[in-house]
Amino acid sequence: MINTSGITKSFDKLQILKGIDLHVDKKEIVAIVGPSGAGKTTLLQIIGTLDKPDNGNVVIDGIEPFRLNEKDMAQFRNRHIGFVFQFHQLLPEFTALENVMIPMLIARGKASAAEKKAKELLDFLQIADRMTHKPSELSGGEKQRIAVARALINSPSVILADEPSGSLDTKNKDELHDLFFELRKQFGQTFILVTHDERLAAKADRIIYLKDGIITINS
């Protein structure tokens, strides 16, 4: 499903990733853990095509996105990869419903179809009653559910989550962690989660330990 080979990345003279070989199966939930500065977020951004490696290759669903031109790579990212970030990154001027619809509209989906699917996702995530509210009117847990719905709107094969529960209290953390596994069951997505949360990591199918830019344990 996802393969990286020989991924390296440096910023100025500091080498962050030092040759990452990683395989993730379809529908697998993998947690990437390690100390701050280990390269976890950098690796996730490269897998998500938000950043390019200095060397190495990424293959997702049989496609090598870094061989595409910028326009085609952006379309690939929009349609095949969903992102969930620690601080939601919802657009403050739009309602919850509109925030969820945006990726499908970018993919040139019809507004009516985007609205229908967004409402279905919000209902599935048990937050439909908040769809007309803007982010400033939502709790942290509600914002993160909106972000998850936005990540799902184009039915991506891969969900990449960077510290998805890092800003949540214990109750909302547990609910979000359980939600990922329910989403895998219902929609069949593959998940790669960067996390410092030991409870979330323990629930994953597999844990990847990253330290000093290399994988030290793949369990």
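The first residue in the sequence is number 1, and the count goes up from there. None of these values were measured; they are calculated from a predicted model.
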When clusters are formed by joining ILVMFWY residues with side-chain heavy atoms under 4.5 Å apart, either directly or through shared neighbours, do [X] and [Y] land in the same one?
| X | Y | result |
| --- | --- | --- |
| Phe187 | Leu176 | yes |
| Leu91 | Leu121 | no |
| Phe83 | Phe66 | yes |
| Met1 | Val194 | yes |
| Phe85 | Ile102 | no |

Any donor and acceptor pair, going by atom type alone, linking the side chain of [X] with main-chain N or O of [Y] inside 3.5 Å?
| X | Y | value |
| --- | --- | --- |
| Ser10 | Lys13 | no |
| Gln186 | Leu183 | no |
| Thr8 | Lys18 | no |
| Thr190 | Lys27 | yes |
| Arg184 | Gln189 | no |
| Asp21 | Gly6 | yes |
| Glu28 | Asp25 | yes |
| Glu163 | His196 | yes |
| Asn3 | Val59 | no |

Which pair of heavy atoms, one from [X] and one from [Y], lies closest together, and at what distance?
| X | Y | result |
| --- | --- | --- |
| Thr195 | Asp197 | OG1-N, 2.8 Å |
| Leu17 | Gly39 | CD2-O, 3.5 Å |
| Ala111 | Leu105 | CA-CD2, 3.8 Å |
| Ile81 | Ile47 | CD1-O, 3.9 Å |
| Phe94 | Pro135 | O-CD, 3.2 Å |

Under a 4.5 Å cut-off applied to non-hydrogen side-chain atoms, are [X] and [Y] in contact?
| X | Y | value |
| --- | --- | --- |
| Leu44 | Lys40 | no |
| Ile29 | Arg206 | no |
| Val24 | Ile192 | yes |
| Tyr209 | Ile215 | no |
| Ile20 | Leu210 | yes |
| Ile63 | Phe76 | yes |
| Ile7 | Asn57 | no |
| Leu14 | Ile16 | yes |

Can you confirm whether [X] is buried at [atom1], in the sense that more than 12 heavy atoms of other residues, nucleotides or ligands lie under 6.0 Å from that atom?
| X | atom1 | result |
| --- | --- | --- |
| Arg199 | CZ | yes |
| Glu198 | CD | no |
| Lys203 | NZ | yes |
| Glu64 | CD | yes |

Tell me which donor-acceptor pairs under 3.5 Å the side chains of residues 146-162 have, and how far apart each pair is, sequence neighbours excluded?
from: Arg150; atom 1: NH1; to: Gln89; atom 2: O; distance (Å): 2.8
from: Arg150; atom 1: NH2; to: His88; atom 2: O; distance (Å): 2.6
from: Asn154; atom 1: ND2; to: Asn78; atom 2: O; distance (Å): 3.0
from: Asn154; atom 1: ND2; to: Asn78; atom 2: OD1; distance (Å): 3.3
from: Asn154; atom 1: ND2; to: Pro103; atom 2: O; distance (Å): 3.2
from: Ser155; atom 1: OG; to: Lys117; atom 2: NZ; distance (Å): 2.4
from: Ser157; atom 1: OG; to: Asp61; atom 2: OD2; distance (Å): 3.4
from: Ser157; atom 1: OG; to: His80; atom 2: O; distance (Å): 3.4
from: Asp162; atom 1: OD1; to: Thr41; atom 2: OG1; distance (Å): 3.3
from: Asp162; atom 1: OD2; to: Thr41; atom 2: OG1; distance (Å): 3.1

Within this structure, what is the [atom1]-[atom2] distance for the pair [X] and [Y], rounded to the nearest 0.5 Å?
| X | Y | atom1 | atom2 | result |
| --- | --- | --- | --- | --- |
| Arg130 | Leu125 | CZ | CG | 14.5 Å |
| Asp123 | Ile127 | CG | CD1 | 11.5 Å |
| Glu115 | Met104 | CD | CE | 11.5 Å |
| His23 | Ile208 | NE2 | CD1 | 10.5 Å |

**Message:** Using salt bridge (Lys or Arg N to Asp or Glu O under 4.0 Å), reason through Lys52 and Glu70 one step at a time and then give a plain yes or no.
**Reply:** CA-CA 11 Å; Lys52 292 183 177 181; Glu70 290 293 334; 2.9 Å; yes
Ignoring hydrogens and angles, state whether a donor on the side chain of Asn172 or Gln144 is under 3.5 Å from an acceptor on the partner side chain.
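No.
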>> If hydrophobic residues (ILVMFWY) are linked whenever their side-chain heavy atoms come closer than 4.5 Å, directly or via other members, who joins Ile214 in its cluster?
In response: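 Ile214 clusters with nothing; isolated.
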